[in-house]
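Just below is one structure, and these are the notes that go with it.
Bear in mind the structure is a predicted one, so any value in this text is a computation, not a measurement.
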Amino acid sequence: MSRSLTSRLAAQSIPTCSRYALPKTAAPFTRSFSGTRAQWDDKASKTGKQSLLESIYGSPQKKQNLTGAMAGLTQSISFPSTDGLLLDTSILSNPKATPQQVTEQLPEDHFEPYHLHVYSHKHNTHITVTKPNRDAIISLSCGNIGFKKSRRGTFDAGYSLTKYVLERLVYTGWPPKMQRLEVVLRGFGQGRDAATKVLMSPEGKILRDKIVRVSDSTRIKFGGTRSQRRRRL
């Protein structure tokens with residue numbers, strides 16, 4: 001079946017065009033080019049590829065501008081500059097340094113201090129002094145100094161225990177060796193306040209100046225078993 005006259009006229013009015021619109025290549029080479037035909041074809045093909053890539057990705061000058069824009073972006077607030085950071089790389093610059101020299105260059109806060117642990121609950125008070133490697137120097141409780149039964153959890157027992165521990169440390173010559181001391185409190189018994197009072201009193205002056213940190217390591221119950229019923233009187 002033949003097409004109608006209108007469709008044939010519409011088809012003839014559409015101009016013909018190539019399937020792919022390729023960009024214009026560079027100007028042809030002049031006839032003064034000296035060399036073989038293979039060299040001329042190779043140079044022409046390279047020039048055509050270069051013009052095709054420039055038409056798609058842009059000229060090299062635009063890439064340089066893009067690089068400058070990215071460099072400016074790195075100096076913005078989103079990417080702060082690291083020029084002002086103070087990093088001590090002197091240790092890395094001397095690979096032949098001995099372990100003792102490296103230790104001397106480390107800051108003082110890097111080293112672990114001595115520890116004074118005060119564990120106080122409603123029945124007793126325990127005090128332990130440890131070295132930086134957590135080895136115990138002395139560990140005593142109120143029962144070791146003569147308090148019996150319910151008197152071990154009183155304020156006087158905790159006060160007397162703390163004074164006795166300090167006396168033992170002075171007698172054995174440990175305070176001069178302690179440059180930094182951390183007080184670790186655990187529990188909320190009466191011995192907690194008693195130990196704090198001793199450290200703030202004239203008896204605790206020998207260790208009070210060495211304290212660099214006071215921390216609390218009280219255990220917090222989270223879930224677990226059901227507590228014992230409260231005693232009713």
Side-chain angles (χ1 to χ4, degrees), residues 77-80 82 85-88 91 99 102-103 106-172 174-233:
I77 301 176
S78 302
F79 300 92
T82 57
L85 295 179
L86 301 178
L87 300 177
D88 186 11
I91 299 177
V102 174
T103 304
L106 293 175
E108 186 178 0
D109 295 340
H110 179 78
F111 301 100
E112 187 75 14
Y114 286 77
H115 301 87
L116 175 63
H117 298 268
V118 180
Y119 174 34
S120 176
H121 51 88
K122 65 179 181 179
H123 299 301
N124 205 343
T125 301
H126 304 264
I127 294 181
T128 304
V129 181
T130 61
K131 300 177 182 179
N133 60 355
R134 305 292 177 165
D135 290 341
I137 299 174
I138 184 173
S139 179
L140 295 173
S141 64
C142 294
N144 298 122
I145 59 176
F147 290 91
K148 301 297 183 181
K149 297 185 179 181
S150 61
R151 296 187 65 244
R152 292 177 296 181
T154 60
F155 183 90
D156 296 336
Y159 195 94
S160 301
L161 176 63
T162 308
K163 288 180 59 177
Y164 181 76
V165 169
L166 294 182
E167 290 175 0
R168 292 293 301 174
L169 291 175
V170 174
Y171 180 77
T172 53
W174 278 102
K177 303 177 183 178
M178 299 179 181
Q179 302 298 329
R180 303 169 70 245
L181 180 66
E182 177 183 2
V183 179
V184 183
L185 303 175
R186 177 182 172 188
F188 297 101
Q190 297 184 27
R192 180 189 181 108
D193 296 335
T196 305
K197 292 288 185 181
V198 174
L199 293 175
M200 298 300 294
S201 64
E203 291 88 349
K205 183 179 180 180
I206 192 170
L207 293 180
R208 186 169 62 245
D209 298 337
K210 304 177 184 296
I211 297 175
V212 297
R213 188 185 306 122
V214 178
S215 59
D216 187 279
S217 64
T218 304
R219 305 296 191 268
I220 299 177
K221 183 178 180 181
F222 186 80
T225 59
R226 180 178 177 180
S227 302
Q228 188 180 6
R229 69 176 181 85
R230 297 185 60 183
R231 183 183 178 188
R232 295 186 180 182
L233 300 177

Counting only pairs under 3.5 Å, give me each side-chain donor-acceptor contact of residues 126-133, with atom names and distances, residues two or more places apart or in other chains.
{"residue": "T128", "atom": "OG1", "partner": "S139", "partner atom": "OG", "Å": "3.1"}
{"residue": "N133", "atom": "OD1", "partner": "D135", "partner atom": "N", "Å": "3.3"}
{"residue": "N133", "atom": "ND2", "partner": "D135", "partner atom": "OD2", "Å": "3.0"}

When rounded to the nearest 0.5 angstrom, what distance separates CD1 in I138 from CH2 in W174? 11.0 Å
What donor-acceptor contacts under 3.5 angstrom involve side-chain atoms of residues 182-192, with partners at least two apart or in another chain?
{"residue": "E182", "atom": "OE1", "partner": "H115", "partner atom": "NE2", "Å": "3.3"}
{"residue": "E182", "atom": "OE1", "partner": "R213", "partner atom": "NH1", "Å": "3.0"}
{"residue": "E182", "atom": "OE2", "partner": "S215", "partner atom": "OG", "Å": "3.0"}
{"residue": "Q190", "atom": "OE1", "partner": "F155", "partner atom": "N", "Å": "3.0"}
{"residue": "R192", "atom": "NH1", "partner": "G187", "partner atom": "O", "Å": "2.7"}
{"residue": "R192", "atom": "NH1", "partner": "D216", "partner atom": "OD2", "Å": "2.9"}
{"residue": "R192", "atom": "NH2", "partner": "D216", "partner atom": "OD2", "Å": "2.7"}

For the pair H123 and H121, name the ring-plane relationship: parallel under 30°, tilted 30 to 60°, perpendicular over 60°. perpendicular
Ignoring hydrogens and geometry, is there a side-chain-to-backbone donor-acceptor pair from R219 to S217 under 3.5 Å? yes
Test item: L181 and P113 side chains (from C-beta on) under 4.5 Å apart, heavy atoms: no
If you look at every heavy atom in S120 and T125, which pair is closest and at what distance? OG-OG1, 3.6 Å
Contact summary for I145 and S160, nearest pair of heavy atoms: CD1-C, 4.0 Å
Looking at every heavy atom in both A194 and G158, which two are closest together, and how far apart are they? CB-C, 3.7 Å
What pair of heavy atoms forms the shortest contact from S141 to L161, and how long is it? O-CD1, 3.6 Å
Restricting to non-hydrogen atoms, name the atom on G204 and the atom on L166 that form the minimum distance, rounded to 0.1 Å. CA-CD1, 4.0 Å
Decide yes or no for S227 and K221: does some side-chain heavy atom of the first lie under 4.5 Å from some side-chain heavy atom of the second? yes
Quick one: does L169's side chain get under 4.5 Å of L207's, heavy atoms only? yes
Step through the shown structure and confirm whether more than 12 heavy atoms of other residues, nucleotides or ligands are within 6.0 Å of NZ on K210. yes
Measuring only between side-chain heavy atoms, which start at C-beta, is I137 closer than 4.5 Å to M178? yes
If you look at every heavy atom in A195 and V118, which pair is closest and at what distance? CB-CG1, 3.9 Å
Could you check whether any side-chain heavy atom of V198 comes within less than 4.5 Å of a side-chain heavy atom of V165, counting everything from C-beta outward? no
Quick one: pull up CD in E203 and OG1 in T162 and give me the separation to the nearest 0.5 Å. 10.5 Å
